[in-house]
Structures are given as C-alpha cells and as structure tokens.
Peer 1: 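One structure coming up, written as structure tokens, with questions to follow.
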Amino acid sequence: MSSPFTADDVDLAVRLAVGVLRDAPAEGWDRKAGSLEWDCWETAEHLANDLFYYAVQRGPQSPPLDTHVPIALSRKREAGPTVFLYADRDAGPAGLVQVLEACGAILVAMVHTPAIGADRPRPD
C-alpha cells in the first residue's frame, strides 16, 4: 500500500532536481531534452510551470470540481510546451533553476497548507 505524498516529498524532489540542474553545463540548455521536441530550457520551464500550476489548484476557496483553475497557456514556438510562466533568458541557467526552485517552494507551502473547508477557516 502506498501512502500519499507529503510536502517533504515534494521538497526533496525539487531539491534533487535543482541540485542536478545547477551543475548542468551552460551550453547544453539549448539541446533537445532526450526524445522530446523541447529543448532542456523549455523542459525545465515546463517543470516549473507544473509545480506552480499544482500549487494554484489548491488556492481558491471554491476550486472548480470538474476542471482546473483557468490559467491561459501559450507557446513561444509551435513545437514548444504550452506554459504560462517563462524564465527570463537574460538571467541564464542560474535564473531558470531559481524559477524552478521558487515554483517548487510555492507548491511545498501549498501542500503544507490544509485545503479550505472543515480544516481551514475561510477568510473574512
């Protein structure tokens, strides 16, 4: 039997990913990410978006029950991922990794925060 993931699990996964990506060579970020059509930069941006997106779904007082929080997605290029949050390329790979780390921290905080309902009082 598996147990539900915890905020500590999310934190560990993000820290491990950030640790690996911080040491990635700068010249590799524009190369394809394995068999994907996306490059490594786009793939890391997509991961940051996923973390932030999951955090956002836990935020509303009345979350949608049959869909998701309606965030508009876009692409920088036709074959790229659809995302809503882009890292500033001028900040380089260190900036991209910082965006990933920040998005992970937001998800960790939201997993720590009980969902609004019986366990969490509604704000006035």
Side-chain angles (χ1 to χ4, degrees):
M1 178 188 287
S2 64
S3 61
F5 72 92
T6 67
D8 290 338
D9 296 329
V10 175
D11 184 55
L12 176 60
V14 170
R15 282 189 292 118
L16 291 171
V18 165
V20 168
L21 294 175
R22 271 199 182 116
D23 295 333
E27 64 276 0
W29 287 98
D30 291 325
R31 293 186 187 141
K32 282 198 172 193
S35 62
L36 297 176
E37 290 297 318
W38 308 338
D39 63 29
C40 292
W41 182 282
E42 291 170 326
T43 302
E45 267 183 342
H46 180 73
L47 179 56
N49 273 260
D50 285 347
L51 295 168
F52 190 82
Y53 184 83
Y54 293 139
V56 166
Q57 301 311 307
R58 294 186 51 88
Q61 276 188 343
S62 299
L65 299 176
D66 57 349
T67 186
H68 52 80
V69 173
I71 295 173
L73 301 172
S74 64
R75 293 180 186 190
K76 282 190 174 181
R77 61 183 191 85
E78 189 173 323
T82 54
V83 296
F84 58 93
L85 181 137
Y86 296 94
D88 182 355
R89 284 250 182 194
D90 290 340
L96 172 60
V97 172
Q98 191 174 44
V99 168
L100 175 64
E101 188 174 24
C103 290
I106 292 167
L107 179 56
V108 168
M110 290 304 289
V111 172
H112 271 298
T113 304
I116 291 178
D119 297 327
R120 183 172 155 200
R122 295 186 182 276
D124 294 328

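These figures come from a predicted structure and were not determined experimentally.
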Peer 1: For the atom pair CH2 (Trp41) and CD (Glu45), what is the distance rounded to the nearest 0.5 Å?
Peer 2: 6.5 Å
Peer 1: Would you give me the side-chain donor-acceptor pairs under 3.5 Å for residues 4-14, sequence neighbours excluded?
Peer 2:
unit_1, atom_1, unit_2, atom_2, d
Thr6, OG1, Asp8, N, 3.3
Thr6, OG1, Asp9, N, 3.1
Thr6, OG1, Asp9, OD2, 3.2
Asp9, OD2, Thr6, N, 2.8
Asp11, OD2, Arg15, NE, 3.0

Peer 1: Name all pairs fulfilling the ring-ring contact (aromatic ring centres under 6.0 Å, His included) condition that reach into residues 90-110, sequence neighbours left out, sorted by first residue then second.
Peer 2: none
Peer 1: Side chain to side chain donor-acceptor pair (under 3.5 Å) with His112: which residues, sequence neighbours excluded?
Peer 2: none
Peer 1: Keeping to residues at least two apart or across chains, list the salt bridge (Lys or Arg N to Asp or Glu O under 4.0 Å) pairs with something in residues 70-86.
Peer 2: Glu42-Arg77
Peer 1: Over all heavy atoms of both residues, which pair between Ala44 and Trp29 is shortest? Give the atoms and the distance, please.
Peer 2: CB-CZ3, 3.9 Å
Peer 1: Minimum heavy-atom separation for Phe52 and Ile106, please, with both atom names.
Peer 2: CE1-CD1, 3.6 Å
Peer 1: Quick one: CG on Leu21 to CG on Leu47, what's the gap to the nearest 0.5 Å?
Peer 2: 8.0 Å
Peer 1: Pairs under 3.5 angstrom only: tabulate donor-acceptor contacts from the side chains of residues 82-104 to other protein residues two or more places apart or in another chain.
Peer 2:
unit_1, atom_1, unit_2, atom_2, d
Tyr86, OH, Ser74, O, 2.9
Tyr86, OH, Ser74, OG, 3.1
Asp88, OD1, Asp90, N, 2.9
Arg89, NH1, Asp30, OD1, 3.0
Glu101, OE1, Arg22, NH2, 2.8

Peer 1: With sequence neighbours left out, what residues match Glu37 under side chain to side chain donor-acceptor pair (under 3.5 Å)?
Peer 2: Lys32
Peer 1: Roughly how far, to the nearest 0.5 Å, is CG of Leu107 from CD of Gln57?
Peer 2: 11.0 Å
Peer 1: Flag yes if Val69 and Val111 sit in one hydrophobic cluster, no otherwise; membership is Ile, Leu, Val, Met, Phe, Trp, Tyr, and two members link when side-chain heavy atoms are under 4.5 Å apart.
Peer 2: yes
